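Remember, predicted model here, so these are calculated numbers, not experimental data. Counting starts at 1 for both ligands and their atoms, in listed order.
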Amino acid sequence: LSEDLPIVDQALSQYRELCQRLDAKFSEIQVLYPSDFACRKGCHSCCAPGLTVNRLEAEAIARFLGANPELAQAARENEQTKPHGNKRCAFLGKEGDCLIYQERPVVCRSHGAPIQMRPAESGADENLRVRDVCSLNFKSQNLMELPPASVLNVDTVNVLLALLAKRGFPGSSERIPLKPKELLSLLGG
Ligand code: SF4
Ligand code: SF4
C-alpha cells in the first residue's frame, strides 16, 4: 500500500481488505453448513431501518454512489417511494435487492452467520461470550457447540473497523444514518 496515497484512501483500501476477509469467512462458514443458511435474495428481515455507519463506511458508500450515478438515482428514488414502507433499510430495492450490495457496510456482511461477542452488560464476566444468529438460520444447531472457526467474532471486527475509521477520519466519531440522502450529501455539490 503506497504511503503516498492520502490517508483517507489508505484507510479505505484497508477497509476493503477487511470487508473481503469478512466475506471470505462468511463464505467459508456457508460452505461448511449449507443447509443451515436460509439466506437468499428476497429474504430481508435483517435489513432493518435505523442502521448507522461510521464515517469511513459512509465514505466508501458515498464514493461508490458517486461513481455509479444510475445507482445513486435509484437509491434516491427508492428512499422517496419507500417500497417497504418504513419497515426496511432505505437501500433495499423493491425486488428485495440491496442497491449498494457491493459496498454494503460491515454489519450487513455478517448478517446470517453465527456471531460471537462479549455481553453488553457491564459487570459481566470478562471471559464470557454470547453467540447469536438470524432466527431463520442454524435452527437445528446449538450455537455454543460450533467450533470457534465457524463463528464470526464481531468484537474483533468492530475493533479493526473503529481503528480504520479513526485512521481515515481522526476526530470523527459520528454515526451516520444508512440512508441515501445522508450519504450522498457527503459528496457535496
Ligand atoms: S440473515 Fe436472515 S433475514 Fe437476512 S437474508 Fe439471511 S435468513 Fe434472511
Ligand atoms: S445496506 Fe443493503 S444489506 Fe444492508 S441493510 Fe440496507 S439493504 Fe440490507
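- Ion pairing between Lys41 and Asp97 fails under the 4.0 Å rule for side-chain N and carboxylate O.
- The atoms of ligand 2 that sit less than 4.0 Å from any heavy atom of Leu51 are 5 (S).
- Close approach to Leu92 involves these atoms of ligand 2, each under 4.0 Å from a residue heavy atom: 7 (S).
- Looking at heavy atoms from C-beta onward, Leu65 lies in side-chain contact with Phe91 at the 4.5 angstrom threshold.
- Taking 4.0 Å as the cut-off between side-chain N and carboxylate O, Lys25 and Glu28 count as a salt-bridged pair.
- Protein residues with a heavy atom under 4.0 Å from ligand 1 are Ala38, Cys39, Cys43, Ser45, Cys46, His111, Gly112, Cys134, Leu136, Asn137.
- Residues Leu183 and Ile176 are in side-chain contact: their nearest non-hydrogen atoms beyond the backbone lie under 4.5 Å apart.
- Considering Val154, Leu160, Leu152, Leu161 in turn, Leu152 is the only one that fulfils the side chain to side chain contact (heavy atoms under 4.5 Å, CB included) rule with Leu22.
- Among residue pairs with one or both ends in residues 48-75, those qualifying as salt bridge (charged side-chain N to carboxylate O under 4.0 Å, His left out) are Asp9-Arg63, Arg55-Glu59, Glu59-Arg63; sequence neighbours excluded.
- No hydrogens or angles considered: a donor-acceptor pair under 3.5 Å links the side chains of Glu77 and Gln73.
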